[in-house]
Amino acid sequence: MEKSLIEQIRHSNDIVDVVQGYLPLKHVGANWKGICPFHNDTNPSLYVSQPKQIFKCFACGKAGNVFTFVQEYEKLTFIEAVKKLAARVGIAIPEFERTKTVSTKRDQLLVIYRSARDFFASSLFEHGSSVLKYLAGRSFSEETAKALELGYALNSEKALLNHLLKEGHSVSLLRESGLFGNYSGNLVDFFRNRLMFPIHNNIGEVIAFGGRVWNDADTGVKYVNSSGTEIYTKGKELYGLFKTKYEISKAGYALICEGYFDFLRLYEAGFMNSVASLGTALTEDQIFLLSRYAKRIYMLYDGDKAGVSNAIRAALICLGKGLEANIVELPPEHDPDSFILDEGGPALRKRIASAQPITSFLARKDWDSPESERIDMLLEAARGVKDAVQRELLVKGISEAFSISTGALFSKLGQIGRQASARQEENEPILESPSEERWLLTLALRDRESFNFVAEELTPDYFIDRTNRELYKYLLSESSDADFAEPAALLDNMENKELRDLLAEFLFSDLQDLSLKTLVDQVRVRKIQRDLEDIDRRILAEPGNFDLLRSKMELLNTYRNMISGLSLVTLIKNN
């Protein structure tokens, strides 16, 4: 793809606008700040610079420009990210450009699932009058069915198969799509005579389906779901999030229910900050996804014993990820769907308002399980909280709820905590990167003139740190004058993620009070110091080698001349 076209697409997609399409940001000083989606972030660590059009997470290190963000968030190639952002702003990719890159399997599967959604949706309103009556009998409107893209899988073995074959999709790809079964070597529709629920990822792409029997006379399994594919992994998505993520962010909290119909009822009743866990036990991946939009969670599960047990388990996982977790209690005979139908939305709002934090909920006296067991459950969650202040506040909350001393709780928490820390320290390598190298590269990236000055003075072997050295080599060989005029351009299509993250970090930094020439001299002094140490080792091995002695004397003279020109304050010694 032509570089000028890539630049046009980048210029047309402001990075703040694009990132805010995925997660909320707050304006802080000169930058924007939000929860990083690339690691389990509990305190906002992602910074986005509008002037420089780059982002950087100062916790996990992920960084780049607008293309990088879309690549990493949606797991796309660089060209796929460029095309997606081109479509976002209505820039047409010339036909010859589109044919240069073969569509990936992921792209093809998304097309298949999008077509299947449309086919099921049209079948619901053209051939599914009985299914619509079923929905109406459960007090769901056609508007809700349309808004959530519900559909109907015809009672036919090959209705969807024939539809997709007519569109030109290959049999081999359909076989891998998870939409078909294999009967005596032949493909047959997996979903037949079922009410269909499209499962979207959080950016609205259809990636799977759930199907439910709608006829009480049907003796088949009540619910069936798509199998795992390249675009769908069970336990990683939340049903309805693509519709409610902005309302969740605005409300500051999320309601989590279990099933499709619970979500439909909540959605139709105006609880627009809801999601469903797709009928499975809530997973850490789902909590991680939801934490991008809210830090306060309300578990709204069935009121029976099994529902309460599932709600407690899910709330403890939320608590361990640094979220505020609350339990909404329903009568034992109700789920969210039936409760709203019988009692109404205002009654549910009262239940939500009186929901208890999981700590207080477990501290109640009406439990069969021993108190020590419930305390252990909460401490286990507390061990997962990375923020020390947040963890201490949580332990104090447990202390107050159960009337147990904080000393006893911290003692029990600390035993395992110290063991875990010791294991972590054993496995974490200590890396050292000379500060002056980082400062030098940061200043060199201010403009082309600064970089040219450094390039004339230093070769890559002056850099001690391997990553700094490789980045400097990359900039020497790949950068152009135009790139330095625009920081984000330097990050286009960098294949080495380690170098890209490091480059973005340097571009993000702003050093005002350092001298570029002084830093160049410091790096040169460091190089001479290393060379002198190397010569000393060689002299010890070859004491009679007078060439080595002469070389050492020449280096010492150069070293003395250089350090005499450097301030003792600014010189950073290696020893």
Side-chain angles (χ1 to χ4, degrees), residues 22-23 37-38 70-77 80-81 84 103-121 148-153 160-161 163-164 167 169-182 187-192 194-212 221-245 256-264 274-293 314 317:
Y22 294 91
L23 53 95
F38 305 117
V70 174
Q71 269 186 271
E72 294 293 331
Y73 194 100
E74 299 198 30
K75 308 302 180 189
L76 304 177
T77 65
E80 287 170 344
K84 187 173 187 71
S103 181
T104 64
K105 184 189 292 185
R106 182 183 186 278
D107 285 336
Q108 294 170 356
L109 286 172
L110 287 173
V111 170
I112 287 172
Y113 271 82
R114 189 162 58 243
S115 179
R117 173 203 61 194
D118 294 342
F119 181 73
F120 291 143
L148 296 172
E149 303 175 353
L150 303 189
Y152 171 51
L160 179 62
L161 177 64
H163 171 74
L164 293 173
E167 290 188 340
H169 300 289
S170 69
V171 172
S172 61
L173 190 64
L174 294 178
R175 197 183 301 277
E176 295 181 48
S177 69
L179 293 172
F180 303 97
N182 194 322
L187 291 183
V188 294
D189 289 5
F190 180 70
F191 297 101
R192 297 196 294 275
R194 287 182 178 268
L195 172 63
M196 299 300 293
F197 299 86
I199 298 169
H200 304 74
N201 59 23
N202 66 309
I203 60 171
E205 295 170 329
V206 180
I207 54 174
F209 288 98
R212 187 196 193 281
V221 178
K222 184 182 285 188
Y223 285 99
V224 292
N225 295 305
S226 298
S227 59
T229 64
E230 188 169 316
I231 59 174
Y232 173 65
T233 303
K234 185 179 178 181
K236 285 185 176 286
E237 307 297 337
L238 288 163
Y239 183 69
L241 182 62
F242 83 107
K243 278 285 187 184
T244 62
K245 59 184 179 182
I256 303 181
C257 60
E258 289 186 282
Y260 297 112
F261 280 120
D262 290 333
F263 176 83
L264 262 64
S274 307
V275 293
S277 60
L278 291 166
T280 61
L282 196 68
T283 67
E284 290 189 5
D285 285 327
Q286 289 172 321
I287 293 167
F288 175 40
L289 177 62
L290 191 57
S291 68
R292 300 173 186 174
Y293 305 98
I317 297 175

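Note: hydrogens, waters and symmetry copies are ignored here, and every other heavy atom, side chains too, is used. Count residues from 1 along the sequence.
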Asker: Holding to salt bridge (charged side-chain N to carboxylate O under 4.0 Å, His left out), I want the full list of residues that pass it with R292, two or more places apart in sequence or in another chain.
Answerer: none
Asker: What's the shortest heavy-atom distance between G259 and A276, and which atoms?
Answerer: O-CB, 3.7 Å
Asker: Roughly how far, to the nearest 0.5 Å, is the CE atom of M196 from the CZ atom of F191?
Answerer: 4.0 Å
Asker: Taking the side chain as everything from C-beta on, heavy atoms only, tell me whether R175 gets closer than 4.5 Å to N182.
Answerer: yes
Asker: Before giving the answer on side-chain hydrogen bond (donor to acceptor under 3.5 Å, both in side chains), spell out for Y73 and N202 the whole-Å C-alpha distance, their side-chain angles and the decisive distance to 0.1 Å.
Answerer: CA-CA 11 Å; Y73 194 100; N202 66 309; 2.5 Å; yes
Asker: Which label fits H163 and F119: parallel for a plane angle under 30°, tilted from 30 to 60°, or perpendicular past 60°?
Answerer: parallel
Asker: Atom CD1 in I317, atom CD in E284: separation rounded to 0.5 Å?
Answerer: 6.0 Å
Asker: Do side-chain atoms of D189 reach the backbone of L160 as a donor and acceptor pair under 3.5 angstrom?
Answerer: yes
Asker: Measuring from atom CD1 of I207 to atom CG of L109, what distance do you get when rounded to the nearest 0.5 angstrom?
Answerer: 11.0 Å
Asker: Do you know which two heavy atoms are closest between P198 and V206, and how far apart they sit?
Answerer: CB-CG1, 4.2 Å
Asker: Can you give me the closest heavy-atom contact between L278 and Y232, atom names plus distance?
Answerer: CD1-OH, 4.4 Å
Asker: Taking all atoms of both residues into account, what is the closest heavy-atom pair of L23 and Y293, and its distance?
Answerer: CA-CE2, 4.1 Å
Asker: In chain order, what residues pass the salt bridge (charged side-chain N to carboxylate O under 4.0 Å, His left out) check against K236, with sequence neighbours excluded?
Answerer: D285
Asker: D107 and E80: side-chain contact (heavy atoms from CB on, under 4.5 Å), yes or no, with the steps?
Answerer: CA-CA 9 Å; D107 285 336; E80 287 170 344; 3.4 Å; yes
Asker: Check A314 against I287 and note the closest heavy-atom contact, atom names and distance.
Answerer: O-CD1, 4.2 Å
Asker: I'd like to know if the side chain of K105 reaches the main chain of E230, judged simply by a donor and an acceptor atom lying under 3.5 Å from each other, with no hydrogens or angles considered.
Answerer: no
Asker: When you measure from the side chain of T283 to the backbone N and O of G235, does any donor-acceptor pair fall under 3.5 Å?
Answerer: yes
Asker: Would E167 and S115 count as a side-chain hydrogen bond (donor to acceptor under 3.5 Å, both in side chains) here? Give the steps.
Answerer: CA-CA 9 Å; E167 290 188 340; S115 179; 2.7 Å; yes
Asker: Might you point out which heavy atoms bring S277 and L282 nearest each other, and give the distance in Å?
Answerer: CB-CD1, 3.8 Å
Asker: From L150 CG over to R212 CZ, what is the distance, rounded to the nearest 0.5 angstrom?
Answerer: 12.5 Å
Asker: Would you say the side-chain atoms of Y22 and E74 include a donor-acceptor pair closer than 3.5 Å?
Answerer: yes
Asker: Can you list everything that forms a salt bridge (charged side-chain N to carboxylate O under 4.0 Å, His left out) with R117? Sequence neighbours excluded, please.
Answerer: E149
Asker: Above 12 or not: heavy atoms from other molecules or residues under 6.0 Å from CD of E205?
Answerer: yes
Asker: So F197 and L195, do their side chains get closer than 4.5 Å, heavy atoms only?
Answerer: yes
Asker: For the backbone of S274 and the side chain of T244, can you confirm whether one donor and one acceptor N or O come within less than 3.5 Å of each other?
Answerer: yes
Asker: Under the criterion ring pair (Phe, Tyr, Trp, His ring centres under 6.0 Å), I'd like the reasoning laid out for F209 against F190: C-alpha separation, chi angles, the key distance, then a yes or no.
Answerer: CA-CA 11 Å; F209 288 98; F190 180 70; over 10 Å; no
Asker: How long is the gap from CG on N201 to CG on L110, to the nearest 0.5 Å?
Answerer: 7.5 Å
Asker: Please report the interatomic distance CD1(I112) to CG(L174), rounded to the nearest 0.5 Å.
Answerer: 5.0 Å
Asker: Using the rule given for ring pair (Phe, Tyr, Trp, His ring centres under 6.0 Å), can you reason through F120 versus Y113, listing the C-alpha separation, both sets of side-chain angles and the distance that settles it, and then say yes or no?
Answerer: CA-CA 10 Å; F120 291 143; Y113 271 82; 9.4 Å; no
Asker: I'd like to know whether Y260 forms a ring pair (Phe, Tyr, Trp, His ring centres under 6.0 Å) with Y223, so could you lay out the CA-CA distance, the side-chain angles of the two residues, the decisive distance to 0.1 Å, and finally the verdict.
Answerer: CA-CA 10 Å; Y260 297 112; Y223 285 99; 5.8 Å; yes
